[in-house]
Amino acid sequence: MWIAAGGDLHFAPATKVAAMRAELRAAASAADMVLLAGDLTASGRPEEAASLADACADVGAPVVCVLGNHDRRWEGGAAVAAALRDAGAVVLDPGSHVIEVDGVRVGIAGVTGAPGGFAGRPVWGLGLAAERRWRKAAATEAKALDSALAGLSGCSVRVVLLHYAPTQETLAGEKPHLWPALGSDQLAAPIHRHRPDLVLHAHAHEGSPRGQVGGVPVLNVSAQVIGKPLALFDLPDEPAVSSA
């Protein structure tokens with residue numbers, strides 16, 4: 001089966017909605033589902049959310065999303081989530097969703113994730129209180145991801161959809177002092193525990209396209225990394241990437 005995935009679209013009023021809709025529909029026409037890894041708008045404002053929803057409506061394949069930090073800048077992401085749901089998309093905030101493809105149950109477990117850093121890389125310049133808030137938020141998101149994955153035990157294929165990175169490997173290329181703001185190793189714990197088939201994230205615009213957590217492939221699908229709004233990935237043979 002084929003998954004069309006991307007993130008960091010950063011829709012703004014100046015975005016050419018027709019062109020973006022054409023990109024989404026072209027990818028969706030070759031895919032069994034579309035997975036969007038957050039930062040879909042520039043700042044989460046209602047007008048951005050409306051344009052995004054217009055582009056995502058009726059693309060021809062199920063659309064499943066998580067929100068990113070930019071999407072949450074306006075009222076915690078309420079406008080973006082509502083607009084996407086009105087357009088027929090599924091927003092995992094957090095949660096899980098199952099899509100049946102040719103008799104195969106594909107489960108998607110999604111959370112935004114959080115910053116927090118990685119073992120051996122201290123969080124510089126935040127102050128102790130802010131660092132504790134980051135780590136607490138990452139622990140909460142990891143717990144939510146664990147719960148979402150636990151609910152997908154009956155699925156033949158399981159995909160994790162995040163905004164923040166669960167591994168340093170897909171952050172290579174970003175300035176190291178920024179890594180704590182781009183992800184957290186706490187998000188890796190439920191991946192180790194449940195061993196899904198694939199993990200997708202965005203947020204690291206200058207990062208690397210591929211990594212792994214305990215042998216589970218992790219793909220950075222930021223539009224800035226994949227070079228287009230969406231790329232096509234083949235499952236269960238992933239990580240093979242279509243040139244389409």
Side-chain angles (χ1 to χ4, degrees), residues 3-10 34-40 64-71 92 94 108-124 134-135 137-139 141-142 144-146 148-149 158-243:
I3 292 174
D8 297 330
L9 305 181
H10 294 288
V34 177
L35 304 183
L36 299 178
D39 273 8
L40 308 178
V64 182
C65 317
V66 294
L67 301 182
N69 56 303
H70 281 258
D71 302 318
L92 303 178
I108 302 105
V111 302
T112 295
F118 301 85
R121 287 193 175 271
V123 180
W124 297 110
W134 274 17
R135 296 194 188 284
E141 291 291 278
L145 178 58
D146 188 76
L149 278 167
R158 293 166 301 146
V159 179
V160 168
L161 184 61
L162 304 167
H163 182 60
Y164 287 86
T167 174
Q168 301 177 78
E169 293 185 10
T170 49
L171 302 183
E174 295 278 2
K175 295 177 180 178
H177 73 274
L178 296 177
W179 289 14
L182 298 175
S184 170
D185 54 11
Q186 293 187 76
L187 298 170
I191 297 169
H192 279 289
R193 184 174 301 113
H194 295 280
R195 301 197 60 76
D197 297 278
L198 179 65
V199 178
L200 303 171
H201 77 84
H203 194 43
H205 296 194
E206 304 297 328
S208 297
R210 298 173 184 272
Q212 59 86 33
V213 169
V216 175
V218 178
L219 303 181
N220 178 358
V221 295
S222 173
Q224 293 74 17
V225 171
I226 62 178
K228 49 190 172 182
L230 295 171
L232 291 172
F233 304 100
D234 189 15
L235 277 176
D237 297 326
E238 177 45 33
V241 183
S242 170
S243 58

Quiz item: Can I191 and T167 be said to form a side chain to side chain contact (heavy atoms under 4.5 Å, CB included), step by step?
Solution: CA-CA 11 Å; I191 297 169; T167 174; over 6 Å; no

Give the minimum heavy-atom separation between [X] and [Y], together with the two atoms involved.
X: P180; Y: P115; value: O-CB, 3.3 Å
X: P166; Y: H201; value: CD-CD2, 3.9 Å
X: V225; Y: A204; value: CG2-O, 3.4 Å
X: E141; Y: A114; value: CG-CB, 4.2 Å
X: I226; Y: L230; value: CD1-C, 3.8 Å
X: L149; Y: P196; value: CD2-CB, 4.2 Å

Please report the interatomic distance [atom1]([X]) to [atom2]([Y]), rounded to the nearest 0.5 Å.
X: Q168; Y: E174; atom1: CD; atom2: CD; answer: 13.0 Å
X: D185; Y: R135; atom1: CG; atom2: CZ; answer: 7.5 Å
X: L35; Y: L198; atom1: CG; atom2: CG; answer: 8.5 Å
X: H163; Y: L40; atom1: NE2; atom2: CG; answer: 8.5 Å

Side-chain donor/acceptor of [X] to backbone N/O of [Y], under 3.5 Å:
X: R195; Y: G215; answer: no
X: D197; Y: V159; answer: no
X: E206; Y: G173; answer: no

Practice problem: Report the residue from V218, V199, L187 that forms a side-chain contact (heavy atoms from CB on, under 4.5 Å) with V160. | Solution: V199

Quiz item: Is the shortest heavy-atom distance from the side chain of P94 to the side chain of T112 under 4.5 Å?
Solution: no

Quiz prompt | Note, L162 side chain near V111 side chain (heavy atom, < 4.5 Å) | solution = yes

Practice problem: Given side chain to side chain contact (heavy atoms under 4.5 Å, CB included), test N69 with D39 step by step and report yes or no. | Solution: CA-CA 6 Å; N69 56 303; D39 273 8; 3.1 Å; yes

Practice problem: Mind running side chain to side chain contact (heavy atoms under 4.5 Å, CB included) on H192 and V213 for me, showing each step along the way? | Solution: CA-CA 7 Å; H192 279 289; V213 169; 3.4 Å; yes

Got a sec, which residues hit side chain to side chain contact (heavy atoms under 4.5 Å, CB included) with [X], two or more places apart in sequence or on another chain?
X: Q224; value: D8, H10, H205, S222
X: A37; value: L161, A202, V221
X: D146; value: P190, R193, H194

